[in-house]
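Structure first, then comments.
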Amino acid sequence: MYNHKAIEQRWQQYWKDQRTYHVDIDPQKPKFYVLDMFPYPSGAGLHVGHPLGYIASDIYSRYKRLNGFNVLHPMGYDAYGLPAEQYAIQTGQHPEKTTVNNINRYREQLDKIGFCYDWDREIRTCDPEYYRWTQWAFTRMFNSYFDTAKQKAEPIADLVKHFEEHGSQGVTAACSKELHFTADEWRAMDDKQKSDTLMNYRIAYLGNTMVNWCAKLGTVLANDEVSEGLSIRGGYPVEQKLMYQWCLRVSAYAQRLLDGLDTIDWTDSLKETQRNWIGRSEGAEMLFKVADSDVTLEIFTTRADTVFGVTFMVLAPESKYVDMVTTPEQRQAVDEYVQATKRKTERERMIDKKVSGVFTGAYAINPLNGKEIPIWVSDYVLAGYGTGAIMAVPAHDSRDYAFAKHFGLPIIPLIEGADVSEESYDAKEGKVINSKSDLLDLNGMEVKDAIAAAKRRIEELGIGKVKVNFRLRDAIFSRQRYWGEPFPVYYKDGIPMMMDDSELPLLLPEVDKFLPTETGEPPLGRAANWKTKEGYPIELCTMPGFAGSSAYYLRYMDPRNSKALVSKEADEYWRNVDLYIGGTEHATGHLIYSRFWNKFLFDLGVVCEEEPFKKLINQGMIQGRSNFVYRIKDTNTFVSYGLKDQYDVTPIHVDVNIVSNDVLDLDKFRAWRPEFADAEFILEDGKYVCGYAVEKMSKSMFNVVNPDDIVERYGADTLRLYEMFLGPLEQSKPWDTNGIDGVHRFINKLWGLYYKGDDLRVTDDVPTKENLKSLHKLIKKVTADIENFSYNTSVAAFMVCVNELTQQKCSSREVLSQLLILLAPFAPHVAEELWHAIGNDTTICDAQWPICNEDYLKEDTVNYAVSFNGKARYNIQLPADAGKEEAEKAALENPGAAKWLEGKTIKKVIVVPGKIVNIVVG
RNA sequence: GCCCGAAUGGUGGAAUGGUAGACACGAGGGACUUAAAAUCCCUUGGCUAUUGCGGCUGUGCGGGUUCGAGUCCCGCUUCGGGCACCA
């Protein structure tokens with residue numbers, strides 16, 4: 001009998017003893033790197049949805065290995081993070097302790113499923129030997145700037161040299177703001193001034209930036225950690241605040257991050273998400289002089305063609321221009337408006353879509369027709385994008401339109417036939433009108449041409465320049481928290497300095513409490529002697545969660561190297577990840593930061609591939625399937641699903657583990673909670689049927705299914721097969737334990753092919769033609785399916801094949817052993833067991849993947865569907881090598897044809913060899 | 001608002017432009033059994049017919065291309081995902 005417990009335990013031990021999954025560099029073999037997104041070990045442990053991607057990657061890894069590849073398939077833990085720290089604050093338990101406990105629990109759960117990870121390569125981001133390299137990379141970013149001409153990172157020392165010789169003249173560097181100084185001025189600066197100047201260029205820099213401040217978490221957050229004004233972790237409100245923080249100049253890499261997308265094999269939707277996030281837009285920066293003033297407004301627009309329709313200008317409330325242009329008469333009104341805006345959180349500003357604004361009293365001069373246009377302040381203009389000032393064209397921008405209507409500002413249509421009496425015309429098509437002056441004439445042009453013509457002319461006139469803007473912001477890299485990598489930074493007379501490589505790793509210090517200090521400093525402010533040997537204070541912030549996950553795939557290549565993040569040899573052999581599997585939730589976070597980090601290391605010459613993840617698959621989420629019971633109001637009586645409409649009922653979530661096929665186990669229900677102990681039921685057909693709904697898998701819905709329970713009951717192989725059988729890998733789907741019996745039955749049937757009772761029934765009989773056909777059909781199908789990640793159809797193919805071989809009473813060792821090799825990636829334990837049972841004494845993991853011999857698939861006869869006008873009416877059998885003419889003749893001569901042709905004329909006959917004969921009749 | 005993706009039985013889902021519904025669950029019927037479980041066999045999109053074994057219809061809706069469309073094109077509807085006062 002098939003006994004999953006004994007089998008799975010035996011072979012898991014065997015693989016461990018034999019170090020079956022240990023992998024080393026082997027220049028004789030082609031490499032293949034399969035990676036899962038490493039998990040954050042949460043206190044709740046794994047539920048049945050987590051292993052979905054791991055099973056998929058495990059299958060692919062095993063498949064590649066059977067095909068002769070040297071497969072790197074590692075696993076580790078993203079161990080720094082907020083939940084462990086929040087827990088520490090509540091309980092006083094050190095986050096390291098909870099984290100280690102959680103990791104051990106995860107490991108136990110993972111081990112039961114039989115993955116082929118090389119655990120010798122395990123990494124944890126909170127391990128000093130790991131985070132030393134996170135800190136190391138940070139110091140390299142600090143010591144680099146981004147050369148915009150070369151589009152790559154260069155040593156900051158080169159920039160310093162340039163400053164010494166030429167000042168800022170001719171510098172091509174990504175910077176926070178354009179600076180102008182001469183070589184003499186540079187040399188005259190003191191250390192502090194030089195440091196401040198260089199901060200403007202460093203890739204890792206300290207900057208005064210608007211950050212997302214989450215008061216409840218006591219820390220700043222990156223843009224991808226905030227959604228709709230709330231923190232992703234915890235859902236606490238987030239406000240904008242100007243703070244002096246460490247940042248990474250990710251924006252400098254925007255173009256390369258965009259271009260790189262064309263070179264990698266990711267889904268279109270994910271690439272699109274990244275393109276949206278990077279948000280490239282081509283336009284022009286234009287200068288508008290302010291009347292009776294020496295101020296010039298610089299604005300960004302993608303619609304240079306609409307410059308004749310500008311009827312007002314708008315400044316963001318935070319814009320530096322606000323103070324510069326506001327007239328004394330308007331000063332008070334403007335100040336009040338700016339203050340009112342500041343008091344609102346980002347979320348309030350987003351929710352409150354009421355049009356608001358205030359006139360500054362100043363006027364700008366349209367550089368193309370000399371008209372004076374009023375300058376307003378409004379919070380619909382964002383300070384962080386472009387220059388924080390816009391030219392408003394109400395006729396062709398819906399936001400400007402709403403503003404103009406509200407304040408009664410003029411609207412000038414610029415496109416022929418556009419009706420702007422009710423709403424703006426935002427489309428970029430049509431013929432341009434009302435756009436002529438002495439300097440420029442766009443009338444009659446198509447919008448697309450007009451944009452180009454306007455841009456050209458603006459540059460010629462020196463009133464602006466063509467500019468590409470990106471939405472992608474620099475990453476805020478400081479967190480005012482404890483449980484993260486400490487910055488290898490100390491402050492000498494207020495000047496930030498990097499620690500020497502020899503001082504790394506800088507260990508996370510112990511603190512008495514995981515809370516901010518009384519003076520409001522981050523928790524590291526509590527650490528005793530948080531100073532360098534020389535007595536300089538060390539940075540108090542720690543790095544964010546994405547720091548440790550940005551280059552972890554590199555560390556797996558060479559995890560115990562104490563000299564380098566990764567050796568040249570290991571990097572050149574393993575190169576980059578061939579297949580990366582994980583969820584879409586990292587699309588704008590981890591997957592951007594990793595690509596950025598890798599590109600930076602590429603510029604440094606540390607890694608040889610510019611893109612870290614060649615192919616990426618997003619496994620879908622497994623949702624929960626909740627069950628409900630229906631309590632009749634104000635009673636303790638529960639009515640079955642089919643009868644509930646006859647009563648006034650309240651649906652109540654019920655633990656899915658006491659429900660089977662939607663039928664409630666009444667005794668278990670009574671025992672579940674004390675208030676149900678004396679529950680009464682109204683049954684249908686003697687059963688209590690529960691309702692169901694698809695919801696997120698969570699404790700509060702009582703729909704969490706634990707993989708351990710499934711493994712205990714059905715075995716890991718059943719769990720693996722069933723998770724794959726559930727549906728297409730990339731699709732989200734609810735977990736429904738109901739179907740699992742079918743897969744379990746399949747394994748039992750498979751077992752029955754090899755054993756009758758305790759006796760092996762495998763023989764050395766020569767396989768029959770039928771046996772070989774069934775087998776090779778499967779080889780072909782499974783090989784193609786694995787390559788396409790179509791695992792659900794693979795599992796179905798196994799079921800068909802085993803049924804066929806059972807019917808054929810196949811006992812051929814040759815056929816049955818090849819069947820096991822095909823099955824090994826999916827159900828490794830049972831495959832290994834039977835593999836040894838039929839006489840092999842080495843692991844099935846080192847077997848050779850079979851190749852399909854098409855000769856076995858050839859049929860003697862082929863079934864043709866004969867159709868009339870495309871509708872199939874009858875079938876005919878023909879020899880496999882029958883030609884088109886034969887098929888046509890046979891179809892028309894068949895007695896069935898006469899019936900259908902009665903009273904009709906044949907117009908045409910179409911023959912698709914081996915498939916169909918379509919007779920077109922009139 | 002913009003950009004992606006999806007829609008097929010009671011359910012999860014199969015179908016290189018060529019006989020829609022593979023495979024599985026569930027349901028119904030039967031065999032074995034004292035009984036239950038397990039196992040095995042049959043039926044299972046709908047309507048209709050059924051001692052003439054077939055007929056009609058059918059892949060969200062409306063058009064189109066094609067000898068032939070679940071699949072390709074155009075226009076909708078609904079649902080899911082991403083981005084969003086990004087000028």
Given atom [atom1] of [X] and atom [atom2] of [N], what is their separation to the nearest angstrom?
| X | N | atom1 | atom2 | value |
| --- | --- | --- | --- | --- |
| A:Ile278 | B:rC3 | CD1 | P | 19 Å |
| A:Phe470 | B:rC83 | CZ | C1' | 17 Å |
| A:Glu298 | B:rA87 | CD | C1' | 15 Å |
| A:Ile622 | B:rG12 | CD1 | P | 15 Å |
| A:Leu729 | B:rG13 | CG | C1' | 15 Å |
| A:Arg275 | B:rA84 | CZ | P | 17 Å |

Name the residue closer to the 5' end of RNA chain B, choosing between A:Tyr385 and A:Val912 according to the nucleotide with the nearest heavy atom.
-> A:Val912
Could you say whether A:Asp400 or A:Gln731 is positioned toward the 5' end of RNA chain B, judged by the nucleotide with the nearest heavy atom to each?
-> A:Gln731
Results of side-chain hydrogen bond (donor to acceptor under 3.5 Å, both in side chains) for [X] - residues two or more places apart only:
| X | value |
| --- | --- |
| A:Ser732 | none |
| A:Glu298 | none |
| A:Thr306 | none |
| A:Arg625 | A:Asp662 |

For the pair A:Tyr755 and A:Trp751, name the ring-plane relationship: parallel under 30°, tilted 30 to 60°, perpendicular over 60°.
-> parallel
Any idea how A:Phe868 and A:Tyr874 line up, ring-wise: parallel (<30°), tilted (30 to 60°), or perpendicular (>60°)?
-> tilted
Where the side chain of [X] is defined as all heavy atoms beyond and including C-beta, which of [options] is the nearest nucleotide?
| X | options | value |
| --- | --- | --- |
| A:Phe725 | B:rA14, B:rA24, B:rA87 | B:rA24 |
| A:Asn792 | B:rA87, B:rA14, B:rC23 | B:rA14 |
| A:Met799 | B:rA84, B:rA87, B:rA24 | B:rA24 |
| A:Thr793 | B:rA14, B:rA87, B:rC85 | B:rA14 |

Go along nucleotides 53-58 of chain B 5' to 3' and tag each nucleotide: B for a protein heavy atom under 4.0 Å from its base, S when only backbone or sugar atoms are that close, - otherwise.
-> ---S--
Across all chains, not counting sequence neighbours, the salt bridge (charged side-chain N to carboxylate O under 4.0 Å, His left out) partners of A:Asp262 are A:Arg275
Could I get the full list of salt bridge (charged side-chain N to carboxylate O under 4.0 Å, His left out) partners for A:Lys5, not counting sequence neighbours?
-> A:Glu712
Contact check, residues 736-749 of chain A vs RNA chain B, heavy-atom distance under 4.0 Å, returns A:Asn738, A:Gly739, A:Gly742, A:Arg745, A:Lys749
For RNA chain B, the residues among residues 780-790 of chain A that have a non-hydrogen atom under 4.0 Å from it | none
At a cut-off of 3.5 Å, list every protein nitrogen or oxygen paired with a nitrogen or oxygen from nucleotides 62-67 of chain B, distance to 0.1 Å.
{"residue": "B:rC67", "atom": "O2'", "partner": "A:Asn918", "partner atom": "ND2", "Å": "3.4"}
{"residue": "B:rC67", "atom": "O2", "partner": "A:Asn918", "partner atom": "ND2", "Å": "2.3"}

Passing option when A:Phe312 is tested against A:Phe403, A:Phe288, A:Tyr401 for ring pair (Phe, Tyr, Trp, His ring centres under 6.0 Å) = A:Phe403
Pairing of RNA chain B as dot-bracket, 5' to 3': ( ) intra-strand, [ ] crossing, | other strand, . unpaired, with Watson-Crick or G-U pairs under 3.5 Å?
-> (((((((..(((.....[....)))((((((.......))))))((((.....))))..(((((..]....))))))))))))....
Quick test: give all pairs of protein nitrogen or oxygen and nucleotides 80-82 of chain B nitrogen or oxygen below 3.5 Å, distance rounded to 0.1 Å.
{"residue": "B:rG82", "atom": "O2'", "partner": "A:Thr273", "partner atom": "OG1", "Å": "3.4"}

Interatomic distance at C1', B:rA7 relative to B:rA20, whole Å = 16 Å
Tell me whether the OP1 or OP2 atom of B:rC83 has a side-chain N or O from A:Arg471 closer than 4.0 Å.
-> no
Taking syn as within 90° of 0 and anti otherwise, name the glycosidic form of B:rG81.
-> anti
For the ring pair A:Tyr722 and A:Tyr714, is the centre-to-centre distance below 6.0 Å?
-> no
Atom pair CG (A:Leu878) and NZ (A:Lys889), whose distance is rounded to the nearest 0.5 Å = 11.0 Å
